[in-house]
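Read through the structure below, which is laid out as structure tokens, and then see the notes.
Just so it is clear: chains get the letters A, B, ... in the order the sequence lines come, proteins before strands, and each one is counted from 1. Basis for what follows: all heavy atoms, side chains included, without hydrogens, waters or symmetry-related copies.
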Number of protein chains: 2
Amino acid sequence: MDDPQPVRRPGGRSARVSAAVHQAVTELVGERGYGSFTVSDVADRAGVADSSIYRRWGSLDKLLTDVTQTRLKARSPMPDTGSLAGDLHALAANVAREITGPDGLAVLRLTVALTGNGEQGLQARDDFLAERARLLQSVLDRARARGEHPPDTLTVLDHVMAPMYIRVLFGATPLTPDYVKGLVDRLL
Amino acid sequence: MDDPQPVRRPGGRSARVSAAVHQAVTELVGERGYGSFTVSDVADRAGVADSSIYRRWGSLDKLLTDVTQTRLKARSPMPDTGSLAGDLHALAANVAREITGPDGLAVLRLTVALTGNGEQGLQARDDFLAERARLLQSVLDRARARGEHPPDTLTVLDHVMAPMYIRVLFGATPLTPDYVKGLVDRLL
DNA sequence: CACTAACGCAGAAAAAAACTGCGTTAGTGC
DNA sequence: GCACTAACGCAGTTTTTTTCTGCGTTAGTG
């Protein structure tokens, strides 16, 4: 029996639509939080027809899942400066820059929102946190291998990441380099 | 000219409806975040008729504002144990207990969600944070007056409050007393 | 260049949300 | 208690939003 097996077209226009939609979702999550917008909103923002979204993703839920998965896979580069202090400073600065940008805020928001959004949400959130922890872990491990005495993973999360996250989430001050540096220095 | 001046009835049933509605809003915010539910949702949850909400509050916005205002006014008791260490431990424990409960999570979520929800939202958020900061400030001032050397307000917020907030928001571990104690001890 | 996947447009269909009329229940003052 | 009526619940109606589909057009791909 002949199976039509349609020829996919992942390039050109399709790719642009995909990118625009992802971007739009990210922006909307950043601006209005999770679950406060519709397919039409996304389509308008992306400059795309509603039908394109419905046909490609089927529903808003599936779209959001797709976006989240994709975003969380985009990992930040792992610093390697040769010293624990250097690595931590670099890592902190990276994270600060990342969550300060509009996209980063969206991811943070998304992560918070996902907590308590059923199975799928929890999974996505755990992936995000695990990724962060793993990145940090390798920096600390490397330091230990060099004979340094790095702080605990949780300690770094609590006293470097948490303050930055909270400040961003609460829309407070803009995370100056000095501030970030101070957070790290306090642990060394 | 005669002004009817209707006789209000703040007791009994009205009070129960009011309480149920407030409770419902709090729960819904905790579960689904800000702006992801409707008047009907609230009414159903509260076991109340839609019309009761429409007539009393007029719109969902006004209802949310009302609930937020009311909640933020319910301030936590200010500890006074006689020493900086005692006060901070007590304060931290209070906050931990507060944000661990279901209502507390809702308030936290609300606060995060309010960031980027226009005028009104920002105002409510600032009120919340200001209240927290003020409470802490007075503890620190009192310590200073006794001749102790308390840490900075922001330091406490960053290294005691932020870690707890983040852990709750990210749905991680359950804030054991030992953990909370450790956060405070680290500053003294 | 032929073929057709993927798109945009416009509008129908469905769902959800907001709001209202009306009879009933139950606070409040006497 | 009793009269008075504020506040309520029920059962719609109206309005708005959101989803989804038919059809002609555009532009990847071999």
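- Using a 3.5 Å distance cut-off with no hydrogens or angles, the side chains of A/Glu98 and A/Asn94 do not pair a donor with an acceptor.
- Under the 4.5 Å side-chain criterion, counting only non-hydrogen atoms from C-beta, B/Trp57 is in contact with B/Val21.
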Please list, for nucleotides 10-14 of chain D, all pairs of protein and nucleotide N/O atoms separated by less than 3.5 Å.
{"residue": "D/dC10", "atom": "N4", "partner": "B/Ser51", "partner atom": "OG", "Å": "2.8"}

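- Checked for salt-bridge contact, A/Lys181 and A/Asp178 miss the test: no charged N lies under 4.0 Å from a carboxylate O.
- A/Tyr179 carries A/Arg167 over the face of its six-membered ring, with the cationic atom under 6.0 Å from the centre and within 45° of the normal.
- Closest contact between the side chain of B/Arg16 and the listed nucleotides C/dG27, D/dT19, C/dA6 involves C/dG27.
- B/Val25 has its side chain out of reach of B/Leu28: every pair of non-hydrogen atoms, C-beta onward, lies at least 4.5 Å apart.
- The side chain of B/Ser52 contributes an N or O atom lying less than 4.0 Å from OP1 or OP2 of D/dG9.
- Between D/dA6 and B/Arg13, no contact under 4.0 Å exists linking OP1 or OP2 to a side-chain N or O.
- Nucleotide D/dT21 holds its P atom 15 Å from the CD1 atom of A/Ile53, rounded to whole Å.
- Nearest approach of A/Pro150 to A/Arg144, heavy atoms of both residues: CG-NH2, 3.7 Å.
- Summarising the geometry, the separation between CZ on A/Phe37 and P on D/dT19 is reported as 11 Å, rounded to the nearest angstrom.
- The CG-P distance, from B/Leu60 to C/dA16, rounds to 17 Å in whole Å.
- Distance CG (B/Leu63) to P (C/dA18): 11 Å, rounded to an integer number of Å.
- Looking at B/Val160 and B/Met164, their side chains come closer than 4.5 Å, going by heavy atoms from C-beta outward.
- In this entry the distance linking CG of B/Asp41 with P of C/dA16 reads 10 Å, nearest Å.
- Under the ring-ring contact (aromatic ring centres under 6.0 Å, His included) criterion, the residue pairs touching residues 131-164 of chain A are A/His159-B/His159, with sequence neighbours excluded.
- Residues A/Pro151 and A/Val156 approach most closely at CG-CG2, 3.8 Å, considering heavy atoms.
- Between B/Gly47 and A/Gly58, the residue anchored closer to the 5' end of DNA chain D is B/Gly47, taking for each the nucleotide with the nearest heavy atom.
- Taking atom CH2 of residue A/Trp57 and atom P of nucleotide C/dA6, one finds them 12 Å apart after rounding to whole Å.
- Rounded to whole Å, the distance from CZ on A/Arg56 to C1' on D/dC20 is 18 Å.
- Of the candidates C/dA6, D/dC8, C/dA18, the closest approach to any side-chain atom of B/Tyr54 belongs to C/dA18.
- Between B/Thr38 and B/Gly12, the residue whose closest nucleotide on DNA chain C is further toward the 5' end is B/Thr38.
- Taking a pair as Watson-Crick or G-U wobble with both distances under 3.5 Å, DNA chain D forms stems of 3 or more consecutive pairs at C:1-30 with D:1-30.
- Base contact: A/Ser40 has a heavy atom under 4.0 Å from a base atom.
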